[in-house]
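To start, the structure itself, in structure tokens.
Just so it is clear, the values below take in all heavy atoms, side chains as well, and ignore hydrogens, waters and symmetry mates.
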Amino acid sequence: MHFYSLDFERVLLLPIRVFWLLSNNIQRIQARNDLRSLNVYSATQLSVNGSTELLNNVREQLLEERGDTIKLKFDPIKERLDRTGLETLRRMSEKGR
């Protein structure tokens, strides 16, 4: 699946439900990106003609979608590996196969 940067062998290892979920979401994700590009393009064209209200609205919408940057209260480089959490993630991953 080129869209998700998965090679053929990796795709064959996917559970069938995951494959179809990914496959069905490709057009939805591309449509969202196309709409975003269209909004930005339209707002830019209108702002060239003197109407900046739409441009500001699109900008605000994109900033809202982006969300806030996560501010950590610790230094992740200095943190120690959480072996228990890692094992929990491994078990969860194995159950999905």
Inter-residue atom distance [X].[atom1] - [Y].[atom2], 0.5 Å rounding:
X	Y	atom1	atom2	value
Leu54	Ser47	CG	OG	8.5 Å
Leu86	Arg91	CG	CZ	10.0 Å
Gln30	Ser37	CD	OG	11.5 Å

Exercise for review: Evaluate the side-chain contact (heavy atoms from CB on, under 4.5 Å) criterion for residues Glu53 and Asn57: first the C-alpha distance (whole Å), next the side-chain angles of each, then the deciding distance (0.1 Å), finally the verdict.
Suggested key: CA-CA 6 Å; Glu53 183 179 344; Asn57 289 343; 4.0 Å; yes
Check your understanding: Any side-chain heavy-atom pair from Thr52 and Leu46 closer than 4.5 angstrom?
Key -> no
Review point. Side chains of Leu62 and Val40: closer than 4.5 Å at any heavy-atom pair?
Key: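 They are in contact (side-chain heavy atoms under 4.5 Å apart), so the answer is yes.
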**Study point:** Asn25 and Arg28: side chain donor to acceptor below 3.5 Å
**Key:**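 Checked: Asn25/Arg28 side chains pair up, N/O donor to acceptor below 3.5 Å.
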Starting from [Y], can I reach [X] by hopping between I/L/V/M/F/W/Y residues whose side chains sit under 4.5 Å apart?
X	Y	result
Ile16	Leu6	yes
Leu38	Ile29	no
Leu14	Leu21	no

Practice item. Could you walk me through whether Leu22 and Val11 pass side-chain contact (heavy atoms from CB on, under 4.5 Å), step by step? Key: CA-CA 10 Å; Leu22 293 174; Val11 171; over 6 Å; no
Study note, to complete from the structure: Closest heavy-atom pair, Asn39 versus Val58, reported as atoms and distance to 0.1 Å, is O-CG2, 3.8 Å
Check your understanding: Has the side chain of Ser23 got a donor or acceptor atom that lies under 3.5 Å from a matching backbone atom of Trp20?
Key -> no
Check your understanding: Between the side chain of Ser93 and the main-chain N/O of Leu89, is any donor-acceptor distance below 3.5 Å?
Key -> no
Point to revise | Contacts of Arg17 that satisfy side chain to side chain donor-acceptor pair (under 3.5 Å) - sequence neighbours left out | key: none
Point to revise | side chain to side chain donor-acceptor pair (under 3.5 Å) involving Arg83 - partner list, sequence neighbours excluded | key: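 With neighbours one apart ignored, the set is empty.
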Review point. So Leu12 and Phe19, side-chain contact (heavy atoms from CB on, under 4.5 Å) or not? Walk me through it.
Key: CA-CA 9 Å; Leu12 289 177; Phe19 171 81; over 6 Å; no
Check your understanding: Is it true that Glu87 and Arg90 have a side-chain N and a carboxylate O under 4.0 angstrom from each other?
Key ->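 Here Glu87 pairs with Arg90 in a salt bridge, since their nearest N and O are under 4.0 Å apart.
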